[in-house]
K.L.:
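Okay, handing you the structure first.
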Number of protein chains: 2
Amino acid sequence: MAGRPREFDRDQALEKARDAFWARGYEGTSMADLVSALGLASPRIYAAFGSKEDLFREAVALYEANEGGFATRALAEEPTARRVIERMLREAVETYTRPGRPQGCMVVSAATNCAVENDSVLHWLAEHRLARTVSIVERLKQGVRDGELKPDTDAETLGDYYATLMHGLSVQARDGVPKERLHALITVAMQSLDARLIRGA
Amino acid sequence: MAGRPREFDRDQALEKARDAFWARGYEGTSMADLVSALGLASPRIYAAFGSKEDLFREAVALYEANEGGFATRALAEEPTARRVIERMLREAVETYTRPGRPQGCMVVSAATNCAVENDSVLHWLAEHRLARTVSIVERLKQGVRDGELKPDTDAETLGDYYATLMHGLSVQARDGVPKERLHALITVAMQSLDARLIRGA
DNA sequence: TCAATTCTTTGTCGATCGATAAAGAATCAT
DNA sequence: ATGATTCTTTATCGATCGACAAAGAATTGA
């Protein structure tokens, strides 16, 4: 077993692929683009990653494990629903507007206008977005159970509200709206949650 | 002058093109898709519309003149900033979730992940989105001047906030979130504006 | 040393991309 | 009627799409 060793760093190549897909999306990034971005001939890419779609799915997984993982991290690390939501939104803005990096959210913008033959990719990303909405809603429900939020709080609606706002943030960031303005509107949006808070909880 | 008359209805063909682009985006809709959707051989399409990009721009203009024109209509027809914002959001939801129609906003989703050679289309739609944000901000500033909103209201931030939410609504609608849930979150979002209202104005 | 294995390189595959040339068909003005 | 004009049809263009065959190069275990 084990023949000639690979001459390039697979992880490093995957990072470059993630950035390319993040910036231009699944269909917006051609194999020729990847060849040039990764500095690898196409048979080397296919040997290491299988297909363009396989590479894309790995790239999204890498994104979600790092830059795009702010929601998961906020959910895991913050003690209150209030802090989870605000940190998630603030880190979303930071991630979506980082200078010298692709703008917006890879999960939101990498496959919105797709040809029919790539519907599987489109639906896969949609499921990721819906799963994120569900996790936000669940956390708010937990906040109600914990006595952090008023008992009559509609957690699903509030979760939909923040998920919708977060997806909108990605669009705005891609359009070049500066991060200061995005942070300012988050301050407005946090008031909806503050209104549901039980003081001193 | 005036040779053989055109055998098909140009306006009707444009509507079909608008629906195709609305559903699948600029690059997601191929000329072959258009040929099949319009029921016209490609030379007839080129003769009537010039190029795929010209056709797309006309299709977007048609969208904005009808289904996508709710923001403009609300701004023109509603007497208060409060009513403009709510009607705009409610009609956005209705438009984005209409059964049997393409879901979401054509301006938001038709060109997000584009190849480099179609950057012009992408930027053109981005400008449309930014112009919509500006018009919302301007209307809120007017509300402050009219004495409808409290004098210390940050109209730009509030406008950014509603524009962001509206763009997020398009993503959610495309993901299949039912319109009842979207209407519910709008009710939450309207409280941010209600908090800035001067009672009895 | 030498088969077995794996990676790299070169060249190219069929399909599809947007777009058009050329010829036939139908209308106009005269 | 006839020439000018415009639309429709058929066939196809070169470029690019994602993907791979085949051969050479480098490492392994025996």
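All of these numbers come straight from a predicted model, not from anything done at the bench. Computed from heavy atoms alone, side chains included, the values below leave out hydrogens, waters and symmetry copies. Per chain, numbering begins at 1; letters A, B, ... match sequence-line order.
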K.L.:
Pick base, sugar-phosphate or nothing for P43(B), based on heavy-atom distances below 4.0 Å to the nucleic acid.
P.N.:
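Base contact.
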K.L.:
In whole Å, what is the span from the CZ atom of R4(B) to the P atom of dA4(D)?
P.N.:
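Taking atom P of dA4(D) as the reference, CZ of R4(B) is at 19 Å.
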K.L.:
Calculate the interatomic distance between N118(B) atom CG and dG18(C) atom P; express it in whole Å.
P.N.:
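After rounding, the reported distance stands at 9 Å.
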K.L.:
Nearest of dC7(D), dT8(C), dT20(C) to any side-chain atom of R6(B)?
P.N.:
dC7(D)
K.L.:
Run the salt-bridge test on E94(A) and K179(A) with the 4.0 Å N-O cut-off and return the result as yes or no.
P.N.:
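Result for this pair is yes, salt bridge flagged.
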K.L.:
Nearest whole angstrom, please: distance from the P of dA19(D) to the CG of L40(A).
P.N.:
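Atom CG in L40(A) sits about 16 Å away from atom P in dA19(D).
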K.L.:
In this structure, which one of R18(B), R10(B), K52(B) forms a salt bridge (charged side-chain N to carboxylate O under 4.0 Å, His left out) with E58(B)?
P.N.:
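For E58(B), the salt bridge (charged side-chain N to carboxylate O under 4.0 Å, His left out) check succeeds only for R10(B).
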K.L.:
Looking at NE2 of H167(A) and OG of S109(A), how far apart are the two atoms once the value is rounded to the nearest 0.5 Å?
P.N.:
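Output value for this atom pair is 11.0 Å.
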K.L.:
Over how many whole Å does the gap from R10(B) atom CZ to dT6(D) atom C1' extend?
P.N.:
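It is 15 Å, rounded to the nearest whole Å.
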K.L.:
Give the nucleotide from the list dA26(C), dG18(C), dG24(D) with an atom nearest to the side chain of M31(B).
P.N.:
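Nearest to the side chain of M31(B) among the choices is dG18(C).
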K.L.:
May I have the distance from E7(A) (atom CD) to dA26(D) (atom C1'), rounded to whole angstrom?
P.N.:
8 Å
K.L.:
Between R44(A) (CZ) and dC20(D) (P), how many Å, whole number?
P.N.:
18 Å
K.L.:
Judged by each residue's nearest nucleotide on DNA chain D, which is more toward the 5′ side, P5(A) or F8(B)?
P.N.:
F8(B)
K.L.:
When you check the side-chain N and O atoms of S36(A) and D33(A), is any donor under 3.5 Å from an acceptor?
P.N.:
no
K.L.:
What is the distance, rounded to the nearest whole Å, between atom OH of Y46(A) and atom C1' of dT10(C)?
P.N.:
16 Å
K.L.:
Classify the side chain of S42(B) and the base of dT20(C) as holding, or not holding, a donor-acceptor pair under 3.5 Å.
P.N.:
yes
K.L.:
How close or far is atom C1' of dT16(D) from atom CD of E27(A), stated in whole angstroms?
P.N.:
14 Å
K.L.:
Among the nucleotides dT27(D), dT10(C), dG18(C), which one has an atom lying closest to any side-chain atom of A41(A)?
P.N.:
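From the listed options, dT10(C) comes nearest.
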K.L.:
Give the C-alpha distance, both sets of side-chain angles, the deciding distance and a yes or no for side-chain hydrogen bond (donor to acceptor under 3.5 Å, both in side chains) between T80(B) and R139(B).
P.N.:
CA-CA 9 Å; T80(B) 67; R139(B) 186 60 187 86; 5.9 Å; no
